[in-house]
Number of protein chains: 2
Amino acid sequence: MQVIAEIFSQGEEIVSGQTVDTNAAWLSQKLVQMGFVVKRHSAVGDNLTDLKKLLQDVSLRADFCICTGGLGPTIDDLTAQAVAEAFTLPLQLDTVALEQISRYFSCRKRDMVDINRKQAFFPQGSQRIDNEWGTAPGFSLQYNQCWFVFVPGVPYEMKNMFTATIARQLSQRFVLQPEQLITLRSVGIGESDLQQKLNTLILPEGVQLSFRAAIDDVQTKLIFPRDAEQPLVRATVNQVAESIGDYIFAIEGLDDSQGGLVEVISQLMRQQQLTLSVQETASQGLIAAKCIAQPWLISSVFNLSLQQQTEKLAIADYLNAAVSIAENRQQQDGTQLVLVQLYEGNTEQFQQKDQSIKLFTVLLTPSGVIHKQRSIAGSNTRKQNQAAIYALDLLRRYLQNKTR
Amino acid sequence: MQVIAEIFSQGEEIVSGQTVDTNAAWLSQKLVQMGFVVKRHSAVGDNLTDLKKLLQDVSLRADFCICTGGLGPTIDDLTAQAVAEAFTLPLQLDTVALEQISRYFSCRKRDMVDINRKQAFFPQGSQRIDNEWGTAPGFSLQYNQCWFVFVPGVPYEMKNMFTATIARQLSQRFVLQPEQLITLRSVGIGESDLQQKLNTLILPEGVQLSFRAAIDDVQTKLIFPRDAEQPLVRATVNQVAESIGDYIFAIEGLDDSQGGLVEVISQLMRQQQLTLSVQETASQGLIAAKCIAQPWLISSVFNLSLQQQTEKLAIADYLNAAVSIAENRQQQDGTQLVLVQLYEGNTEQFQQKDQSIKLFTVLLTPSGVIHKQRSIAGSNTRKQNQAAIYALDLLRRYLQNKTR
């Protein structure tokens, strides 16, 4: 039996287009993975009449609805009031919620202001959903055929609350038969090239193939029917992985979750007890920033003067220049690994989205130098991100090849 | 009189979360700027019953609805059929549309396949909307109180069709008077404190006040009625700005757009011909990364060893340590300004979202040292971002105070 879910986003910033509603897509993915059929997304602004009407409509057609936003302390945060009025359930003070809110402020050495009290009032009969990541707790309640969950719209809080509490409650409350989702995460290859590589592959019946370009990687997704047997799943995944090749840095959904590029690198750096120094140019701090709080990252330096010097290099000299910078850094920092990235192209080429720059990435290792060359284009922030990702991917390839 | 608009996105990839619906936000922004009140976004999948029901509902409550997606050639593209069935209007061949579609293919030296013929059938009484950017034309029609426009979901085609044709049709068809939006952008103060500061303020009638927490700043938004006079708008904005104080770094919508924190800083750094070096700890590269391609950022350094040394400092010594690091960096780099940020707290406190760390931010300037102390909490990436923002904000305050 299908279990129907809807997603409901509340906020003027959504309907007026100030904010792209990424929450809805994130939640849909999670719900589909769990086995829900997501039938509709709706977004309305801070308007009590619209909110109430939508809540009533949803209560009659969905089995589950998750609502984001409108739980803040200010006058335009109307969700709890709308629920109370739509379902004729008076708002009541939840003393535990109040206690949690005031603790949130005292931990941050700030005074709780009066308007935050409002966030501790829930419609009668609601269950509180703790929020350790922000001020506003969420709440859940059943009305008509639908179980409603209300969470803040701040993505960081919403995602944490979903993972920590709501996902478990959903699997207890509903009989769900999830499809099996396997995600192959890759760097350095685009969606259309991925599709080209898999064109001739014949997938077993009922297996769905799709692609998704995220900011830091491209994901190839395989959805297997609920009852697909494990040997078939593994054989198919292996076949797809082989066709794609070593662009893949992680396969999720088969065994343990492997996570993003930095998580994969971090695990290997720790296992192999290695340390790293970085010299950044086009990435300008972003390699270091992506490796936040990793004990193996010893230093990262960005110098505008280095970038200006390298602009004068002949194209044949970039590689040698990068290697000699790496050797200097190794002497200074005593790290086993040094990652140096230079780029050919001037400031204007870097800034113009239609112009490309050429990256020279060098990794100095105990067993010699490995390097890679690559052109990138797009806005300056896109170039910056791609530069950081390609540098980290060179490191990932070195670490994974050592263990293969 | 309010002219009510809705946005309706069609596609399994939207409701299943494979694609983030950026079209809806883009269209909303355009419509709000034109003077529409956008009341609702809805997304449904490739399901004829759901589509028909939604079309009927919208036709009774909106003055205008723009629908994206579902105009492709394949069997899961159901929009035209749903419109035909929902409004009992038979599908009819538009020969000009067919001609356009076949020309699209012949221009690209490709054969038009039979299934593309489907894209030339529109519900009786529709007006075709030419699409020079892809295969599928769009169409428009009036039903009940609502004027519907149907366009493809491909962002590039949709945006071009909106700009080339639809925007003009809208201004001819509706009497629109855009509201005036002013945004006051601030750093270092939360939504509830902002509201508290503005609680006693009496706004002129018809002025709407709202708040929005973005990643890097908090925005106070004032919407003035279409016919509000400029002196009143300015006086009100000044009053609000004064109540909030120097947390505000930019006011948008009054004169020229001022942009984000880094854009504001950048303008002042260039005007005052200043240069900057940075020493990062908690921000770990993110201060530099946020200042991508700014010619006044001379260097940025992150060292794990510095972080480890400062962990051993007594609380009273942080400020002096930061100043002496700043002086060293100034000698090395010759920059007029040096930003150094240290933090009290060990790695575990940094990693734990419930634990706070204390930031000591120092800015060395030609006229002496300014500094600020501040506690931050949250996940490590949140701490990292807050640290970078607070460091940049200290710089912004120095630069703006100089010019006041």
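Since the model is a prediction, treat every value here as computed from it, not as a measurement. Proteins come first, then strands; the chains are lettered A, B, ... in the order of their sequence lines, and each starts at number 1.
When heavy atoms are compared at a cutoff of 4.5 Å, A:Pro155 does not approach chain B at all. The parts of A:Val44 that come within reach of chain B are both its backbone and its side chain, each placing non-hydrogen atoms under 4.5 angstrom from that chain. With a 4.5 angstrom heavy-atom cutoff, A:Glu132 touches chain B via backbone and side-chain atoms both. In this structure, the portion of B:Gln351 lying under 4.5 Å from any heavy atom of chain A is its side chain and not its backbone. For a residue to count as touching a neighbouring chain, one of its non-hydrogen atoms must lie under 4.5 Å from one of that chain's; by this rule A:Ile14 touches chain B with backbone and side chain alike.
Other residues, nucleotides and ligands place no more than 12 heavy atoms under 6.0 Å from the CZ atom of A:Arg117. Annotation: B:Lys159, atom NZ; neighbour count of heavy atoms from other residues, nucleotides and ligands within 6.0 Å is above 12. Other residues, nucleotides and ligands contribute more than 12 heavy atoms inside 6.0 Å of the NZ atom of B:Lys52.
With values rounded to the nearest 0.5 angstrom, A:Ser16 atom OG is found 7.5 Å from B:His41 atom NE2.
A:Tyr156 places a side-chain N or O within donor-acceptor distance of the main-chain N or O of B:Ser379, the cut-off being under 3.5 Å. Checked by atom type and distance alone, the side chain of B:Ser300 never pairs as donor or acceptor with a backbone atom of A:Phe302 at under 3.5 Å.
Legend: salt bridge (Lys or Arg N to Asp or Glu O under 4.0 Å) pairs involving residues 207-218 of chain B, not counting sequence neighbours, sorted by first then second residue: B:Arg185-B:Asp217, B:Asp216-B:Lys290.
Within residues 381-392 of chain B, the residues having any heavy atom under 4.5 Å from a heavy atom of chain A are, by residue number, B:Thr381, B:Arg382, B:Gln384. Scanning residues 279-289 of chain A against chain B with a 4.5 Å non-hydrogen threshold yields A:Ala282, A:Gln284, A:Gly285, A:Leu286, A:Ala288, A:Ala289, sorted by number.
With sequence neighbours excluded, the residues forming a salt bridge (charged side-chain N to carboxylate O under 4.0 Å, His left out) with A:Lys39 are B:Asp50, listed by chain and number.
Looking only at atom types and distance, the side chain of B:Lys221 has a donor-acceptor partner in the side chain of A:Gln18 under 3.5 Å away.
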